[in-house]
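Encoded as structure tokens, the structure appears first; notes follow it.
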Amino acid sequence: MLDHYTGEGVFDSGINPGFLEVLKKHLENSDRDQNMLSILKRGPISPFLSWLSSSAATVTEILSFHTQEYIDSLIEAKKKGGKMICSATFLNIGSWNAALLAAGTTLSVMKYILDGHGKICYALVRPPGHHAQPTQADGYCFLDNAGLAVQYALDSGCKRVAVIDIDVHYGNGTAEGFYRSDKVLTGGINELGEGAGFGFNLNVPLPNATGDIGYKCAMTEVVVPAVRKFDPNMMVFVVGQDSSAV
């Protein structure tokens with residue numbers, strides 16, 4: 001997954017204006033994943049972790065959430081050497097295989113839990129996924145890893161799945177994929193769902209500089225009661241790191 005190269009430029013634009021001495025790495029680069037991996041392997045919780053192997057997702061698995069036309073467009077972009085799929089979202093030579101492996105790793109995590117091998121499992125993957133919609137890429141994301149895991153759980157017999165996404169920009173792609181479903185709890189503040197899915201979207205926007213106390217209050221006063229009422233068989237946590245920026 002480190003082969004997914006997002007480039008350098010101004011902020012996350014990939015643009016080199018020609019007069020800067022040092023260009024910035026794209027915000028979604030491999031450094032943070034390598035650091036997180038080293039912390040998990042050598043940090044204080046390393047003795048309590050076990051590691052799992054995984055494999056790339058197949059196109060058939062991806063089609064459980066994404067459309068064939070969209071997948072074909074990504075494959076075509078790869079064949080042509082890559083392109084900027086949408087704003088700040090670059091698909092380069094190694095990106096498609098990285099996306100398949102990220103999706104496959106996330107599916108492996110869900111399968112591991114559903115098979116009864118554990119209760120908690122974490123997929124450290126890139127490219128990220130939760131902004132990718134069924135028919136398009138978005139926000140550095142190509143394949144919706146969270147959405148694929150949720151659909152796999154539903155197809156495996158789970159009746160209800162709650163998605164808890166703490167990213168600064170909530171998982172709009174995941175929410176769109178299940179917007180008309182009453183089997184998945186997720187979503188934005190002004191998006192309440194449609195049809196059978198009405199009332200199964202919930203978002204808690206927090207102001208800039210909200211600290212631990214604010215997050216704890218939002219979780220205990222809003223999120224936890226909603227999840228308990230929904231009574232899911234499975235919970236999928238999407239852990240965005242941008243809210244931790246200093």
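At least one donor-acceptor pair closer than 3.5 Å links the side chain of D165 to the backbone N or O of G171. Although no hydrogens or angles enter the test, the distance criterion places a donor-acceptor pair under 3.5 Å between the side chain of R160 and the main chain of D231. Looking at S181, its side chain never comes within 3.5 Å of a backbone N or O of F178 through a donor-acceptor pair. At least one donor-acceptor pair closer than 3.5 Å links the side chain of E61 to the backbone N or O of T58. Side-chain atoms of Y5 do not come within 3.5 Å of backbone N or O of I93 as any donor-acceptor pair.
The shortest distance between side-chain heavy atoms of R228 and P225 does not fall below 4.5 Å. Using a 4.5 Å cut-off on side-chain heavy atoms (C-beta onward), I71 and L63 make contact. Counting heavy atoms from C-beta outward, F200 and V184 have side chains that stay 4.5 Å or more apart. With contacts defined as side-chain heavy-atom distances shorter than 4.5 Å, the pair T135/E69 does not qualify. Contact check for L100 versus I62: side-chain heavy atoms found under the 4.5 Å cut-off.
Aromatic ring pairs are classed by plane angle as parallel below 30°, tilted from 30° to 60° and perpendicular above 60°; the pair Y112 and H117 is tilted.
The two atoms that bring C141 and H130 nearest to each other are SG-N, 3.8 Å, heavy atoms only. In plain terms, the two heavy atoms of T89 and G139 that are nearest each other are OG1-N, 3.7 Å. Closest heavy-atom contact between A226 and L202: CB-CD2, 3.5 Å. Summarising the geometry of A153 relative to V161, their closest heavy-atom pair is CB-CG2, 4.1 Å, with the distance given to 0.1 Å. In terms of heavy atoms, P127 sits closest to A102 at O-CB, 3.9 Å. Minimum interatomic distance between N233 and C158 (heavy atoms only, all atoms of both residues): OD1-C, 3.8 Å.
The six-membered or imidazole ring of Y152 lies away from that of F65, with a centre-to-centre distance of 6.0 Å or more.
Residues L185 and V222 share a hydrophobic cluster, clusters being chains of Ile/Leu/Val/Met/Phe/Trp/Tyr side chains in contact below 4.5 Å.
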Show me, pair by pair, the donor-acceptor contacts under 3.5 angstrom made by side chains of residues 36-47, not counting sequence neighbours?
{"unit_1": "S38", "atom_1": "OG", "unit_2": "N35", "atom_2": "O", "d": "2.7"}
{"unit_1": "S46", "atom_1": "OG", "unit_2": "G43", "atom_2": "O", "d": "2.8"}

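For the residue pair N29 and T6, no side-chain donor N or O sits within less than 3.5 Å of a side-chain acceptor on the partner. Under the 3.5 Å distance criterion, with hydrogens and angles disregarded, no donor-acceptor pair is assigned to the side chains of D12 and H26. Side-chain N/O atoms of E8 and N16 include no donor and acceptor closer than 3.5 Å. Judged by distance alone, the side chains of N172 and E176 never bring a donor and an acceptor atom under 3.5 Å apart.
To the nearest 0.5 Å, atom CE of residue M110 and atom CG of residue L148 are 10.5 Å apart. Summarising the geometry, atom OG belonging to S30 is positioned 9.5 Å from atom CG belonging to D3; distances are rounded to the nearest 0.5 Å. Here the CZ-CG distance, from F142 to L91, works out to 4.5 Å after rounding to the nearest 0.5 Å. Summarising the geometry, atom CD belonging to Q133 is positioned 8.5 Å from atom SG belonging to C86; distances are rounded to the nearest 0.5 Å.
The stretch residues 118-137 participates, sequence neighbours left out, in these salt bridge (charged side-chain N to carboxylate O under 4.0 Å, His left out) pairs: E28-R126, D33-R126. Sorted by first and then second residue, the side chain to side chain donor-acceptor pair (under 3.5 Å) pairs involving residues 100-111 (not counting sequence neighbours) are S54-T105, K111-D115.
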